[in-house]
Structures are given as C-alpha cells and as structure tokens.
Amino acid sequence: MKYIEYDVKTAISKSNLPELDYAVNPYTGCQHRCIYCFAIDFTRIAEAREEWGEIIYVKKNLIDVLRGQIKGLKRGITGLSSITDPYQPAEAIYGLTRESIKILLSNGFRVTVQTKSPLASRDIDLFSSHRNLIDVGVTITTIDQRKALEIETQTPAPSQRIRLLEKLHNSGIKSWIFIGPIIRGFNDSREEVEKIFQVANANGSRIIYDSYSPYKNSSIFMKNEFRHPIPDPRMNCEWRTALDRMMLSLGESHGVKVNSQDEEWKVARGEGLGKLAIN
Ligand code: SF4
C-alpha cells in the first residue's frame with residue numbers, strides 16, 4: 001500500500017447528492033477495493049484511479065483548511081465521505097476523518113457517515129457527544145463471508161460490520177444499513193436479504209438499498225474479476241420492480257423502515273435533518 005500526501009485548497013465542498021449539503025473526502029482512492037466500486041469514475045487523480053486499492057492520496061492539510069473554511073459556511077448536512085470509505089485503513093494512521101467530524105459537530109453541522117469498517121467504533125465517544133447531529137451508515141451487501149470476499153476483496157468481513165452496528169446501537173447512535181449494490185442473480189435472494197433485515201431489526205437501523213449499475217471504469221473491474229454473469233441493465237426493469245416489492249414486504253414483516261437510494265433524500269430531509277441545514 002502506498003500513501004501519497006498532498007495539499008488541498010478546499011476541504012469541504014457543496015455536494016451534488018440531494019440528501020447532502022456538503023461533502024468532506026479526506027482520502028482519494030480506497031483500500032477496500034470492491035470490484036463494483038464506481039468511485040473510480042469520480043476520481044480525478046489518474047494514479048489513484050488506475051491502481052485502485054493500491055495507492056491512496058491523503059489530504060495532508062485537510063484539517064487546517066477545514067477549520068478556516070467552515071467559518072464562512074452556513075450549517076448543513078455533511079457527508080463523510082461522499083466518494084470513498086472514510087474509515088479505510090489510512091484513517092488509522094492519519095485520523096483525518098475523526099478530526100473533520102470533530103470540527104463539523106462542534107460547529108453545529110449535521111454529519112452523516114457511511115462505512116464498511118469497524119474502525120468507526122473507535123469514534124463512538126465522539127459520536128456520543130453529539131448524538132442529535134450524527135448518523136452512521138454501514139454497508140452490508142451480503143451476510144455470506146465467502147460471497148463478500150468475491151466482490152469486496154480487501155474489506156472487513158460482514159460479521160465485523162454487524163458488530164459495529166451492535167456497538168452503535170448499544171451507544172444510542174442512530175444507524176442505518178446500506179444494502180448495495182444488489183446484483184441480480186448474486187445477492188438478491190429473499191432468504192439472503194432477509195438476514196440483513198434481521199440485523200437491522202436487532203439494531204434499530206433503517207435500510208437503504210440500491211441495485212448494481214455499470215459505470216465506465218468500474219464495469220471493467222467487474223468484467224475482469226466478477227465470476228458470475230453481469231446483469232444487463234436493459235433487462236433490469238421487471239427485476240427491479242420485483243426487488244422493490246420484496247424490500248417493502250421484508251420491511252413490513254421485520255418492522256424495519258426501508259427505502260431505495262433514489263428516495264433517500266426525501267427521507268433525510270423529511271425526518272427533519274434538513275431543518276438544521278442552511279440556517
Ligand atoms: S468501500 Fe466504497 S469507495 Fe471503497 S472500494 Fe468499496 S465501494 Fe469503493
């Protein structure tokens with residue numbers, strides 16, 4: 001693993017995602033190296049893009065820049081990160097995610113985290129000090145470790161992510177589970193998805209889900225390494241309707257709130273999170 005430190009002029013930027021006002025991305029590139037990853041297509045640094053999972057660019061002066069920049073910003077919902085995993089192994093060395101969250105929370109910004117890493121449990125003390133301003137999302141594509149290894153080649157095991165959810169729940173931190181991507185014929189069976197709903201129910205998490213869509217560079221990754229047929233998006237319409245129905249029915253039978261990624265922003269804003277934004 002190669003870490004390359006560099007300086008940035010901007011630490012926090014306006015987000016293009018409707019559920020977020022801002023995004024902070026401390027690391028460019030992601031060591032987790034999921035083969036379906038589409039962050040590759042949103043990565044400007046060619047070396048990080050071309051050697052995905054092997055080279056991480058670290059925004060060395062991020063904290064100083066963020067401290068200065070935040071003074072002139074209206075408060076809003078901030079995603080950490082919006083592109084790569086903020087708790088990938090680089091975070092254990094550099095701590096940029098923790099420091100960013102600390103600055104954002106102490107300035108009254110709402111923070112939403114998404115990760116696949118149990119390293120996030122290191123910061124439960126910080127989350128606990130601002131419970132009303134933070135939520136933590138944990139991605140679980142499948143509970144089956146063997147399958148997870150096929151698509152998430154350098155990523156903490158699903159069992160570790162479940163343990164993280166338990167710790168968050170026990171500490172009273174609001175959590176959610178992202179099931180995605182759901183790949184037709186791979187991790188879309190009712191039996192398999194139901195196990196994730198059981199985890200959500202046990203930990204008071206809601207569920208957001210999305211299906212697989214190919215992107216330019218990420219689809220090359222999938223083509224080279226996915227050992228199953230890659231679904232053709234043109235054939236997805238009926239399957240997607242059936243998937244939506246299945247998710248709704250599982251949500252009802254397990255008492256878990258569930259919505260698709262497409263609808264996520266309406267939920268985020270509708271739950272009052274938006275009230276904090278742009279004061
Ligand atoms: S954790 Fe997210 S950003 Fe990192 S490789 Fe996997 S899909 Fe990409």
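Numbering of ligands and ligand atoms starts at 1, following listing order. Numbers for residues simply follow the sequence, beginning at 1.
Remark: Asn16 CG is loosely packed, at most 12 non-hydrogen atoms of other residues, nucleotides or ligands lying under 6.0 Å away.
The pair Asp210-Arg240 meets the salt-bridge criterion, since a charged nitrogen lies less than 4.0 angstrom from a carboxylate oxygen. Of the charged side-chain nitrogens involved, none lies within less than 4.0 Å of a carboxylate oxygen, so that Asp7 and Lys59 do not count as a salt-bridged pair. One finds a salt bridge joining Glu47 and Lys2 here, because a Lys/Arg side-chain nitrogen approaches an Asp/Glu carboxylate oxygen to under 4.0 Å.
Partner of Phe38 under the ring-ring contact (aromatic ring centres under 6.0 Å, His included) criterion, chosen from Trp52, Tyr212, Tyr215: Tyr215.
Ring geometry for Tyr94 versus Tyr27: interplanar angle of 30 to 60°, hence tilted. Under the 30°/60° scheme for interplanar angles, the aromatic rings of His228 and Phe186 are found to be tilted.
Residue-level proximity to ligand 1 for Trp52 is carried by the side chain, the only part with a heavy atom below 4.0 angstrom.
Below the 2.8 Å limit, atom 4 (Fe) of ligand 1 has as protein N, O or S neighbours Cys30 SG.
Listed by atom number, the atoms of ligand 1 under 4.0 Å from Ile83 heavy atoms are 3 (S).
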